[in-house]
Structures are given as structure tokens and as C-alpha cells.
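Below is one structure, written out as C-alpha cells; the observations come after it.
Note on naming: letters A, B, ... go to the chains in the order of the sequence lines (proteins, then strands), and numbering restarts at 1 for each one.
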Amino acid sequence: MIPALAQNPAARIPRMPDGKPNFNGIWQTMNTANWDLQTHGPAMAPVVAMGAQAATPPGLGVIEGSEIPYLPAAAKIKEENYSKRLALDPETKCYLPGVPRATYMPYPFQILQSAQAFMIAYEYAGAARNINMGKPKEPPTDSWMGWSNGHWEGDTLVVDVIGLNDQTWFDRAGDFHSDSLHVVERYTPINADTIQYEATIEDPKTFSRPWKIGMPLYRHLEKNLQLMEFKCVELTEELLYGHLRKEPRK
Amino acid sequence: MSYRSIAIASVLALAAAGAIAQTPAKAWAPARTSDGQPDLQGTWTNATLTPFQRPPEFAGKEFFTEQEEAAFEKTRLQQNDVESGDDSKRGPADLARRAYNGAWFDRGSHGVNTRRTSLVVDPPDGRVPAMTPEGKKKFDEAHMNFAAHPADGPENRPLSERCILFPNAGPPMLPEPYNNNYQIVQSPGFVTIMAEMVHDVRVVPLDGRPHLPSSIRQWKGDSRGRWEGKTLVIDTINFAYNDKSRFGVVYDGITDQNLHVTERFTRTGPNTIIYRATVDDPTIYSKPWTIETSLSKRQEPIYEYACHEGNYGMFGILSGERAQEKTAASKPR
């Protein structure tokens with residue numbers, strides 16, 4: 001006989017004392033969205049010497065309806081971005097990833113949730129977000145990770161992200177946006193170890209209509225796992241400042 | 001909330017305390033989280049006018065009286081004010097300080113609320129203890145290296161200029177000239193401290209798990225926490241080493257790979273956490289030493305400080321140095 005709990009995954013969702021879903025844990029996606037949100041085949045590494053190590057892995061897209069509805073002028077910029085992606089992708093320089101890209105960077109992130117607070121710490125670049133669960137507030141100005149106002153709709157955490165600057169990309173394929181970007185994220189628990197993540201992307205300067213991506217977030221189950229310090233800043237100093245050294249690095 | 005309104009609020013709070021002083025005092029007890037920990041959550045600042053080490057003029061004086069503190073704060077605020085007053089009495093160095101004027105700084109308008117005369121509380125003289133011979137050697141080498149190679153490459157610059165680590169994040173968490181803001185979150189099994197500088201998040205496990213292997217070195221080290229009564233105690237080891245100070249503008253002393261920092265957070269009131277950190281680095285310092293600051297509650301959320309993304313300073317420093325070298329080389333001998 002199958003235990004009743006196994007038949008009803010919702011009953012196994014961990015909950016906070018106030019009954020809201022408990023998202024505490026270390027999570028990560030398992031897809032190739034950071035390489036390209038759209039369905040893509042494998043591609044050669046942008047640096048020949050990197051061979052298969054930095055080749056683009058093939059993957060099915062994460063976009064509902066498969067296409068990003070670029071306005072014509074924006075579609076041209078995306079193509080240019082793609083052709084210069086190694087130089088132009090902010091990830092190359094260890095810049096903060098923005099939202100939603102932070103979610104599907106190929107690194108873990110930790111949700112720190114209490115009765116008063118909801119914080120997300122990402123391993124990549126030590127990026128972090130504070131989800132304001134109180135009265136929605138306006139951001140003082142634009143920022144890389146934006147300004148997140150959250151609320152619950154049943155078991156779904158809905159995060160309205162505004163105040164994003166125009167400096168981040170969605171992936172390594174040159175998919176981009178303007179500073180009119182507005183992202184609405186939805187985190188819905190589907191069992192104890194999986195969250196369904198959705199992000200609706202709206203930017204009338206870049207896209208002809210809002211579009212949506214979706215993917216599961218998987219809980220890391222490794223014992224004693226912790227986010228490691230991945231301050232990639234120091235790993236990009238040679239790239240950014242190497243030409244200004246007194247003597248070239250040997 | 002502005003500092004002025006904070007000051008007014010504290011005056012009102014003191015008046016209220018005076019009014020109820022007739023009734024037997026009931027010890028303030030912090031609220032508890034759902035899993036029973038004293039609640040440290042919220043946004044906090046450790047901005048302070050209190051000097052890091054005790055200035056010679058206060059030798060032998062561990063605490064200010066109320067009047068002495070007021071006079072000291074007034075003097076400090078005047079010293080920090082680079083804008084008002086008579087410019088004819090200011091030298092070029094004073095005027096240059098206006099590159100960062102009062103709008104930048106976040107030193108608060110008060111000393112620590114224990115009325116101590118220095119952040120260093122142990123040794124009792126309020127001064128960092130002597131370095132060991134090995135520590136002194138490393139310290140002198142670091143200074144000579146910096147003097148000889150101020151900007152050969154980014155590695156010659158302090159960690160903060162490289163946007164790698166600010167002393168605000170620590171540990172130990174020390175006030176710097178600006179953005180001395182923190183947020184603490186207590187989720188089941190963890191205490192997380194986010195420093196606004198530079199979005200540095202320290203997620204501290206409380207479950208007694210072992211430290212990372214000693215081969216893994218991190219700029220913020222590797223932290224493990226536990227509760228001792230009402231006090232959160234965090235031990236941090238496995239620090240990355242370079243020959244620059246972890247203590248920022250307040251103190252240019254170095255530490256090495258043997259650094260062990262023990263921090264103690266005790267909430268003593270609705271708006272106060274007393275923070276103590278002991279710096280134990282036996283290769284550099286002849287004995288451990290301890291600093292104490294007070295964290296004051298703030299109402300505003302902290303904001304993103306994206307340092308690396310806007311680090312034009314590093315381009316300026318390195319290209320300026322190269323330009324100077326070029327000028328020097330082209331001068332007739």
C-alpha cells in the first residue's frame with residue numbers, strides 16, 4: 001500500500017510555523033538556460049584553447065512559446081550581442097547577474113527565510129537579494145539585482161521585481177533588456193525538494209509583449225553543503241586591468 | 001529616519017524611562033524566534049564616533065563621563081566637518097578631504113553607547129597589543145612592499161579598492177567611513193549577516209558541523225555559530241591571506257592565515273546589540289585582543305552597493321601610475 005503522504009505531495013511541503021511554505025535550503029536549476037534561454041544546439045567554445053571545457057552544451061529552451069518577442073530594432077542588437085558575446089556578456093566580468101538570470105546561473109543559491117525576512121544569497125559573485133515581504137516599496141534608484149517586493153498567493157511566493165538597470169543580460173547568448181524591465185517571479189512548491197519557478201518578463205522598449213520562462217529549482221541534499229565564497233572579482237582582474245600592469249603577468 | 005530624529009527619539013525614550021524608574025525595573029528580554037533563539041533580526045548600524053584605539057589624551061580612562069562624552073562628540077563632529085567654517089584656516093590637505101564630504105560619510109553622531117573611549121576594550125589600555133617579532137617583520141615587509149610597489153597591478157591595492165572585501169563585513173565587523181549597515185536574518189539552523197558593503201553575505205550554520213578543510217581559504221573565512229545563553233557566538237577561521245589590513249582605515253595592522261576571530265552578539269535592548277570580537281592571531285600579535293561596538297537598530301532596508309561594477313577607481317589608479325612612470329622616464333637626466 002502506498003502511504004497517503006506519497007500520494008499527496010502537497011502534504012509534504014515543509015512549512016513555516018505560520019503555515020507558509022518553508023523554502024529554506026540550498027537550491028539550483030539543472031538546465032542550460034544560462035547559455036541560451038531558447039532551444040539551442042551545441043556550440044564551440046568562444047576561446048579555442050578552452051575546447052570542450054567551455055563549449056556550449058545543447059539544451060531545450062525554457063521559454064513558454066519558445067521565442068523571445070523582440071521588437072525589430074532589439075532583435076538586431078541581440079544578434080550583435082551574440083557575435084560579441086564573450087566580450088560583452090556581463091558574466092565575463094563578474095558583474096552582478098540581475099533577475100531572473102541569478103536563478104539559473106549554474107551555481108547554487110540559498111534561501112534564508114524567517115517570519116520577518118526573505119533573503120536569497122547566490123554563490124555566483126556573492127550576489128544577494130532581499131525580498132521585502134512588507135508593504136511594497138519603491139526603489140530609491142535602479143540597481144543590478146533590482147528591488148523585490150514579495151507577497152504570498154496561496155502557496156506561491158510572488159516577487160515583483162522593479163528598479164533593474166539595463167546592464168545585465170538574460171544569458172550568454174546576448175539576450176538583453178532595457179531599464180524598463182519588470183519581472184514577476186513565482187515560486188511554487190511542488191514537493192518537499194522541488195520548487196516550480198516562473199518569471200514573466202515585460203519590457204515594452206525591447207519586447208512586443210510580455211513573455212515567460214519556467215523551470216524547476218531542485219533542493220541540494222548533500223550533507224553539510226554550504227555556499228562557498230565565489231568572489232569572482234579577483235578572477236577577472238587580469239582581464240579587466242591586465243593591460244594597465246607595470247609589467248605583463250608572467 | 002535622519003540622525004536628528006533618532007536623537008530626538010532617544011531623548012524621548014530616556015524621558016519615558018525616567019518616568020517609570022519609580023516602579024521596580026524589569027530586565028529587558030529579547031523576543032524569541034519561533035525556534036527559541038533571541039531575536040537579532042533587522043537592519044543595524046555600527047557607525048560611531050568612538051576611535052578604534054584609545055587616543056593618548058585619554059590614557060587610563062576606560063569610560064567617558066556623560067559630559068566628557070558630549071565634549072568629545074562635539075570635537076569629533078567639528079573635525080569631521082570639512083565644509084563649514086573658515087577656509088583661510090584650512091590647509092590643502094583639509095580642502096582635499098572635501099573629495100569625500102559629509103554627504104558621503106556615515107560616522108554617526110555619537111560614540112558607542114557603552115560610553116567607552118575606544119573600540120579596543122582588551123587589553124584594558126585600549127591599544128592593540130605589540131606584534132610578535134615575526135608579525136612585525138611581516139608588517140614592515142608589507143609596508144615596504146606597498147611603498148615600493150604602490151600600483152604595479154591591482155594586487156598592490158587594498159582589498160576594499162579592489163571591491164573584494166570591506167572591513168564592515170569582516171569579521172571582525174568594523175565601522176568604516178561609510179555604509180555601516182547590516183541586516184541579520186535568523187532562519188532555522190542559520191544566522192545570516194549581510195553587510196551593505198559590498199553585498200557581502202555571511203551564512204553561519206548553527207548545527208555544529210565541522211569547519212571547511214584548512215586548505216580552503218576565504219576572504220571572510222569560514223564561520224560556525226552557536227548560542228551561549230543569550231549570546232550568539234561565531235568562530236571564524238580559514239581566512240585567505242594577503243599582506244593588506246582587514247581593518248580598513250581605522251587600523252592598518254595585518255593578520256595572516258592563523259587568524260581566528262570569535263564574535264559575540266548580545267541583544268541588550270530593543271535598539272541595541274553589543275558586538276564583541278576577539279582577534280587571535282598568534283603569529284602576528286603577542287596576545288589576543290578584543291574590540292567592542294554597539295549595533296543600533298535602523299528602520300530602513302539596506303541597499304545594493306555594487307562596487308566592482310563601477311570600479312573606475314582601479315582603472316584610474318593603475319593608469320595614473322603608468323602615466324607618472326612614463327613622465328618620469330621621459331625627463332632629461
Side-chain angles (χ1 to χ4, degrees), chain A residues 14 16-18 22-26 90 93-96 110-122 125-130 132 134 137 139-141 143-147 163 165 167 223-224 226-234 236-238 240-247 249, chain B residues 33-35 39 41-43 149 151-156 159 162-165 169 183-192 194 198-203 205 207 209-210 212 216-222 240 300-309 311 314-315 317-322 325:
Chain A
M16 300 292 283
D18 66 0
N22 178 348
F23 288 145
N24 278 295
I26 299 182
K93 299 175 186 166
C94 180
Y95 286 177
L96 289 170
Q110 186 160 5
I111 293 180
L112 304 146
Q113 178 188 359
S114 74
Q116 291 94 327
F118 200 106
M119 186 182 278
I120 310 180
Y122 302 90
R129 285 165 77 191
N130 233 319
N132 165 37
K137 287 181 184 162
T141 183
S143 62
W144 292 75
M145 297 302 288
W147 189 266
N165 69 23
Q167 302 292 301
K223 192 173 187 286
N224 289 347
Q226 67 182 78
L227 293 188
M228 303 288 280
E229 195 175 83
F230 185 32
K231 287 181 177 285
C232 48
V233 169
E234 60 184 313
T236 63
E237 285 180 325
E238 182 59 23
L240 295 173
Y241 312 121
H243 63 292
L244 296 172
R245 284 184 187 283
K246 188 172 187 181
E247 284 164 20
R249 199 171 197 177
Chain B
T33 61
S34 54
D35 55 353
D39 197 336
Q41 294 180 100
T43 48
H149 306 280
D152 290 4
E155 298 80 7
N156 295 116
L159 292 172
R162 298 166 70 190
C163 293
I164 289 176
L165 182 75
Q183 181 178 356
I184 300 179
V185 177
Q186 286 164 279
S187 55
F190 296 90
V191 173
T192 298
M194 180 203 255
V198 285
H199 55 81
D200 246 315
V201 178
R202 195 151 51 110
V203 180
D207 58 5
R209 68 178 71 178
L212 291 172
I216 301 296
R217 297 283 160 172
Q218 308 194 114
W219 293 111
K220 295 196 297 293
D222 184 49
E300 304 93 332
I302 60 178
Y303 192 66
E304 175 180 286
Y305 192 99
C307 179
H308 171 63
E309 291 76 2
N311 195 359
M314 186 57 80
F315 287 101
I317 291 164
L318 297 178
S319 55
E321 194 71 10
R322 297 298 81 80
E325 287 160 3

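Residue A/Gln116 holds its CD atom at 8.5 Å from OG of B/Ser34, rounded to the nearest 0.5 Å. The NZ atom of A/Lys231 sits 3.5 Å away from atom CG of B/Asp200, with the distance rounded to the nearest 0.5 Å. Taken to the nearest 0.5 Å, the NE2 atom of B/His199 stands 14.0 Å off from the CZ atom of A/Arg129.
You'll find the side chain of A/Glu234 stays beyond 4.5 Å of the side chain of B/Pro154, heavy atoms only. The shortest distance between side-chain heavy atoms of A/Cys94 and B/Glu309 does not fall below 4.5 Å. Contact of the A/Glu237 side chain with the B/Ile164 side chain is registered, since non-hydrogen atoms from C-beta on lie closer than 4.5 Å. A 4.5 Å side-chain heavy-atom check between B/Pro301 and A/Trp147 finds at least one atom pair inside the cut-off.
Only the side chain of B/Glu304 comes within less than 4.5 Å of a heavy atom in chain A; its backbone stays farther off. When heavy atoms are compared at a cutoff of 4.5 Å, B/Thr192 approaches chain A solely by way of its side chain, counted from C-beta outward. Of the two parts of A/Ala115, neither the backbone nor the side chain holds a non-hydrogen atom closer than 4.5 Å to a non-hydrogen atom of chain B.
Looking at B/Gln186, its side chain never comes within 3.5 Å of a backbone N or O of A/Ser114 through a donor-acceptor pair.
Using a 30° and 60° split on the angle between ring planes, A/Tyr95 and B/His308 fall in the perpendicular class, above 60°.
For the options B/Ile216, B/Leu165, B/Leu212, heavy-atom pairs under 4.5 Å to chain A are most numerous at B/Leu212. Chain A forms the most heavy-atom pairs under 4.5 Å with one residue out of B/Val185, B/Asp39, B/Val201, and that residue is B/Val185.
A pairwise comparison of heavy atoms in B/Gly153 and A/Arg245 identifies CA-NH1, 3.7 Å as the closest pair. Summarising the geometry of A/Leu244 relative to B/Phe315, their closest heavy-atom pair is CD1-CD2, 3.7 Å, with the distance given to 0.1 Å. A pairwise comparison of heavy atoms in A/Tyr241 and B/Leu318 identifies CB-CD1, 3.7 Å as the closest pair. Closest heavy-atom contact between A/Gln226 and B/Arg209: CB-NH1, 4.1 Å. Between A/Glu229 and B/Gly221, the shortest heavy-atom distance links the atoms OE2-N, 4.5 Å. Listed here is the closest heavy atom pair of B/Pro210 and A/Asn224: CD-ND2, 3.8 Å.
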- Message: Test side chain to side chain contact (heavy atoms under 4.5 Å, CB included) on B/Met194 and A/Met119; report intermediate values, then the result.
- Response: CA-CA 9 Å; B/Met194 180 203 255; A/Met119 186 182 278; 3.8 Å; yes

